[in-house]
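Let me begin by handing over the structure; questions about it come next.
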Number of protein chains: 2
Amino acid sequence: MNDEFQGSLREKVFAQLEEDIISGKYKEGQKLTENMLSEQLKVSRTPVREAIRQLELEGLVEAIPNKAIIVTGITSQDIEDIYEIRISIEGLAARRAAKNATDEILEKLRELVDLQEFYTNRKDMDHLVKLDGDFHETIFKASGSKTLRNILSTFHHNLKKARSDSFGKPARAKAVLEEHKAIFEAIEARDSIRAEHYMLIHVKNARNRVLGK
Amino acid sequence: MNDEFQGSLREKVFAQLEEDIISGKYKEGQKLTENMLSEQLKVSRTPVREAIRQLELEGLVEAIPNKAIIVTGITSQDIEDIYEIRISIEGLAARRAAKNATDEILEKLRELVDLQEFYTNRKDMDHLVKLDGDFHETIFKASGSKTLRNILSTFHHNLKKARSDSFGKPARAKAVLEEHKAIFEAIEARDSIRAEHYMLIHVKNARNRVLGK
DNA sequence: AACTGTATAATTGTATACAATTATACATAT
DNA sequence: ATATGTATAATTGTATACAATTATACAGTT
């Protein structure tokens, strides 16, 4: 359990279980019990149950009534599916962001890209994975669509491990930086067509990097 | 509470609250309390809390820690967004379904379309709304993608009221029937391109019917 | 009248006790 | 040996008690 985390136990449990499933600590098909989780995490069953209900809706576990909690996990097929869906809708999010972004959002994006450049030069992969998530999350928020944001944020969570693995080579980190820059500049110029275009290219490249194609 | 429903109290509470929010009984911005809900639904706070956690993830309520539960609801902007996203990805689901559908699935779809024809002639709108949902849900399942199914099923739930309202005129019911037939025939013929094409047309028409364009 | 501090109430957060359901082990019969 | 019935254990489902947090009302001060 992460002790410096501020928030409810339920949030902590949710974050921890999500992490453990996506990272592969809990494998597909594995059976979990509420008692086991509440003992491990040193909390009562109540927050565990609430977290399980959310993971269930997110599709990471399957709770069979009165029987068990089975880990579903993220299969490689799921990863391919997610990229195919992202290719279909993340351009839309970028287009909307270019229309709706406030100056505050633009400032935030600029800062993220600058930091990304800094850490790319330092080859600090952990920070880069986090910044990559923040960059996209900021665009989702700027799109002004609750629905787009919900879906795409969940995708980014679920892809965290896959993205992390693919950040291995510095050459890739540089490519990601250039792609983000192109997207940012299009949004900054309020050019929604170009923003959509470069986002599409970026997601396609990300898919190829992750799937090794 | 629906007494003939088989399942846990949590599922009943979730279904009821989802229905009440989507139907507009609980309006955007309205404040709910766990005590009020548990009294009204004659259950303890435990299943209410679990249902709230799920509604939160679905974006129908916003739970502010230690303060309140605020109804977010489905705005008309959300409906437009959902149709735009459906236009981007539901064709993909149809394409996949055409590739993967088993004989059992095809039989199910045929039955649904036949029933739809029956109720269209009878102008029985309640049954038609339900059949419309079942038809699409069957295709989502047939797509073989957990992710596509999760997203599109949630959309269909959230659009239930909007779809129900738009089924008003019998002429529209007939149009929906013809569109479903075209999709089914393409899937039956394993023609994924055609399935995607007719699904795209269908969703676009559905959007225009719902948004009155 | 406006502001502030404080006691009280209301609400959510968590833990625990108990009920209902399902799994398991084992004895018994065939 | 296999199958079946039954007692027991394990697990989830629900209710309730209590803790922590926030809102509200009101007295007192300026």
Side-chain angles (χ1 to χ4, degrees), chain A residues 1-21 25-73, chain B residues 1-21 25-73:
Chain A
M1 215 68 242
N2 194 350
D3 284 341
E4 71 248 31
F5 186 87
Q6 281 294 64
S8 66
L9 292 182
R10 188 258 310 169
E11 287 173 290
K12 294 188 204 176
V13 172
F14 178 74
Q16 185 68 51
L17 290 179
E18 193 182 41
E19 169 76 24
D20 288 345
I21 293 173
K25 178 180 166 188
Y26 295 137
K27 296 185 199 316
E28 188 185 342
Q30 185 169 351
K31 183 179 162 184
L32 304 175
T33 71
E34 294 175 5
N35 277 329
M36 155 193 161
L37 295 173
S38 69
E39 274 180 36
Q40 280 184 2
L41 303 172
K42 311 285 186 200
V43 298
S44 76
R45 279 176 54 218
T46 307
V48 170
R49 281 181 64 83
E50 296 183 12
I52 295 290
R53 292 283 91 81
Q54 298 192 294
L55 292 168
E56 200 183 356
L57 216 65
E58 198 173 326
L60 292 178
V61 304
E62 183 183 3
I64 303 168
N66 289 308
K67 279 192 178 176
I69 302 152
I70 308 291
V71 176
T72 306
Chain B
M1 217 68 238
N2 195 349
D3 284 340
E4 70 249 30
F5 186 88
Q6 282 294 64
S8 66
L9 292 183
R10 187 258 310 167
E11 288 173 292
K12 294 187 205 177
V13 172
F14 178 73
Q16 184 69 52
L17 290 180
E18 194 182 39
E19 169 77 23
D20 287 345
I21 293 173
K25 179 180 164 188
Y26 295 138
K27 297 184 199 315
E28 189 186 342
Q30 185 168 352
K31 184 180 163 185
L32 304 176
T33 71
E34 294 175 7
N35 278 329
M36 156 191 157
L37 295 172
S38 68
E39 275 179 36
Q40 278 182 4
L41 302 172
K42 311 285 184 197
V43 299
S44 76
R45 280 176 53 216
T46 306
V48 170
R49 280 183 65 83
E50 294 183 13
I52 295 289
R53 292 284 90 82
Q54 297 192 294
L55 292 168
E56 200 182 356
L57 215 66
E58 200 175 324
L60 292 179
V61 303
E62 184 185 2
I64 303 168
N66 289 309
K67 278 193 179 177
I69 301 150
I70 306 291
V71 176
T72 306

With sequence neighbours excluded, what pairs up with B/E34 under the salt bridge (charged side-chain N to carboxylate O under 4.0 Å, His left out) test? B/R45, B/R49
Using a 4.0 Å heavy-atom cut-off, does A/L32 contact any base of the nucleic acid, only the sugar-phosphate backbone, or nothing at all?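 Sugar-phosphate contact only - A/L32 comes under 4.0 Å of backbone atoms but never of a base.
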Side chains of A/Q54 and A/E18: does their closest heavy-atom pair fall under 4.5 Å? no
Distance, rounded to the nearest Å, where A/E34 contributes CD and D/dG13 contributes C1':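 My rounded result for the distance is 8 Å.
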Return the value, rounded to whole Å, for the distance between atom CD1 of B/I69 and atom C1' of C/dT11. 9 Å
Answer yes or no: is there a side-chain heavy-atom contact under 4.5 Å between B/V43 and B/V48? yes
Contact pattern, 5' to 3', of nucleotides 14-25 of chain D - B, S or - by protein heavy atom under 4.0 Å: BBB----SSS--
Between A/L37 and A/V13, is there a side-chain heavy-atom distance shorter than 4.5 Å? no
Does any non-hydrogen side-chain atom of B/K27 lie less than 4.5 Å from one of B/V71?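 Side chain of B/V71 against side chain of B/K27, heavy atoms only: no contact under 4.5 Å found.
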Check B/E50 with B/R53, please: is the shortest side-chain N to carboxylate O separation under 4.0 Å?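 Not counted as a salt bridge, because no side-chain N and carboxylate O are separated by less than 4.0 Å.
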Using whole Å, report how far CD1 of A/I64 lies from P of D/dT12.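 Those two atoms, CD1 and P, are 11 Å apart.
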